[in-house]
Amino acid sequence: MTKSTLHAVHDHMLRELAVFGAHVDDVAYCPHKPHEGCLCRKPQPKMLFDLAKKHHIDLASSYMVGDREQDVEAGRMAGTKTVLVGKREDRLTC
């Protein structure tokens with residue numbers, strides 16, 4: 001996915017959430033390729049640790065909600081409670 005497409009997906013998500021009165025403080029993503037081995041790419045938890053520090057979030061009392069096992073594993077490694085939602089074949093495409 002290109003960065004412009006990813007930003008369009010994020011913008012769409014934020015608009016959809018706003019319809020229900022939801023507000024998102026931050027959207028983060030790892031720009032690295034899977035083979036680069038960076039620590040911010042899920043299932044590594046660095047991105048969650050960085051966001052927790054930036055926004056003063058207590059990870060032990062937080063939830064990581066994701067639609068892939070990598071999301072859940074990152075949450076586990078960061079010390080959050082985790083929720084896996086949806087099925088891959090049910091995903092909405094933008």
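Because the structure is predicted, anything quoted here is derived from the model rather than measured.
Closest approach of Q44 to C38, counting heavy atoms only: CG-O, 4.0 Å. Summarising the geometry of P34 relative to R41, their closest heavy-atom pair is CG-NH2, 3.3 Å, with the distance given to 0.1 Å. Contact between P31 and K3 at its shortest, heavy atoms only, is CB-CE, 4.4 Å. Of all heavy-atom pairs spanning A28 and L51, the tightest one is CB-CD1, 3.8 Å. The two residues K81 and A60 make their nearest non-hydrogen contact at NZ-O, 2.9 Å. Taking each heavy atom of V72 and L84 in turn, the nearest pair found is CG2-CB, 3.8 Å.
Between the side chain of R76 and the main chain of T82, no donor-acceptor pair closer than 3.5 Å is present. Looking only at distances, no side-chain donor or acceptor of S62 sits under 3.5 Å from a matching main-chain atom of T80.
D26 pairs by the side-chain hydrogen bond (donor to acceptor under 3.5 Å, both in side chains) definition with K54, H55, not counting sequence neighbours.
A heavy-atom distance below 4.5 Å is found between the side chains of H12 and R15. Proximity of V27 to M13: side-chain heavy atoms (C-beta onward) are separated by under 4.5 Å at one or more points. Between H7 and Y29 the shortest side-chain heavy-atom distance falls below 4.5 Å.
For the atom pair L14 CG and H23 NE2, the distance stands at 9.0 Å (nearest 0.5 Å).
Here the rule is side chain to side chain contact (heavy atoms under 4.5 Å, CB included) with K42, and of M77, E73, Q70, E69 only Q70 fits it.
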